[in-house]
There are 2 protein chains.
Amino acid sequence: MVKYRTLDGTFGALANPTRRQIILRLRDGEASVGELAAPHRMSLPAISRHISVLEDAGLVFRRKEGRQQYCRLATSPLNEIDAWLRRFRDVPEMATEETKKGTR
Amino acid sequence: MVKYRTLDGTFGALANPTRRQIILRLRDGEASVGELAAPHRMSLPAISRHISVLEDAGLVFRRKEGRQQYCRLATSPLNEIDAWLRRFRDVPEMATEETKKGTR
DNA sequence: CCGATACTTAACCACTTTGTTAAGTGTAGC
DNA sequence: GCTACACTTAACAAAGTGGTTAAGTATCGG
């Protein structure tokens, strides 16, 4: 049930602290759903769905092994949003962030 | 009414194509709300709220001038998510994206 | 002052998100 | 086969999102 990978999906998947923590954990290598759930004080179904969201966004691959499901990080969507961000690399940002108190 | 700037807010703000288009437009410099709305087949209140979301995320500053409100891009939240993404720079990505058909 | 302009705010609706608990599915071990 | 384990799916509720139209608020131009 993998949905279409889009910037919407990727940004949306990352707009949640639990999901960001999960993929940060996955930098260190594969983990089962249970292992991913352990650090969070949240029900397993909740974590299961977070993982599904990450999977739909193409950020996580699953591999079944016995009764466990091992999750692995996929970084290509991250590269896509990184590429999108590069479009702002050369924007002439207002130097000092003067909110309006300044010279006017 | 500027809310707290968080990764959640920034990623959430970017998880919408209309809002991404708006800030892409703002790379080219300030624009009024009306100018930002013009390319979109959507009501002005809808655009107005999109801009508020961007503002709450710290991605847009507003400046009133007469009856117009000029919007300007702020890139620091983009830098923050860029910094967050860098945490994945050295992840040993699975080389070829073998979904399970492979060597096992 | 009066009407037009450039918005914002309010009220509403449909849909999605994010959590819960309860029930279901499949594998493991005896 | 039976029970425990490692999940997923279903059903639900509360809150958030994203659009609409209608009404409100300043400002400008005459």
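These numbers come from the heavy atoms of this one structure, side chains and all, not from hydrogens, waters or symmetry mates. Here is how names work: the chains are called A, B, and so on, in the same order as the sequence lines, proteins then strands, and each is numbered from 1. Everything quoted here is computed from the prediction, not taken from an experiment.
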For atom CG of B/Leu44 and atom P of D/dT21, their distance in whole Å: 12 Å

Co-membership, hydrophobic cluster, residues B/Ile22 and B/Val53, 4.5 Å side-chain: no

Spacing between A/Asp56 atom CG and C/dT16 atom P, to the nearest angstrom: 13 Å

Phosphate OP1/OP2 of D/dG19 contacted by B/Ser43 side-chain N/O (<4.0 Å): no

5' precedence on DNA chain C between A/Pro45 and A/Ala15 (nearest-nucleotide basis): A/Ala15

D/dT8 phosphate, OP1 or OP2, under 4.0 Å from A/Arg62 side-chain N/O: yes

A/Arg41 CZ - C/dT20 C1' separation (whole Å): 15 Å

A/Pro77 to A/Gly58 - nearest heavy-atom pair and separation: CG-O, 3.2 Å

5' priority, DNA chain C, between A/Val53 and A/Gly66 [closest heavy atom]: A/Val53

Linked, directly or transitively: B/Leu44 and B/Tyr70 (ILVMFWY side chains, under 4.5 Å): no

B/Arg63/B/Glu30 ion pair, N-O < 4.0 Å: yes

Distance in angstrom units between A/Arg49 CZ and D/dC12 P, rounded: 14 Å

d(CD, A/Gln68; P, D/dT8) in whole Å: 11 Å

Sugar-phosphate only, base, or nothing, as touched by A/Ser32 at under 4.0 Å among non-hydrogen atoms: sugar-phosphate

side-chain N/O A/Gln69 vs D/dT8 OP1/OP2, d < 4.0 Å: yes

Distance below 4.0 Å between A/Ser48 side-chain N/O and D/dC7 OP1 or OP2: no

Whole-Å gap separating C1' (D/dG19) and NE2 (B/His40): 14 Å

Distance-only donor-acceptor test, A/Arg67 side-chain atoms vs D/dC5 base atoms, 3.5 Å: yes

Nucleotide C/dT18, atom C1' - distance to CG of A/Leu14 in whole Å: 17 Å

Electrostatic pair B/Asp8-A/Arg20, nearest N-O below 4.0 angstrom: yes

5'-most by nearest nucleotide on DNA chain D - A/Val33 or B/Arg19: A/Val33

Nearest-nucleotide pick for B/His50, side chain only, options being C/dG19, D/dT8, D/dG18: D/dG18

Under 4.0 angstrom between B/Asn16 side-chain N/O and D/dT17 OP1 or OP2: no

Between D/dA6 (P) and A/Arg63 (CZ): distance, integer Å: 16 Å

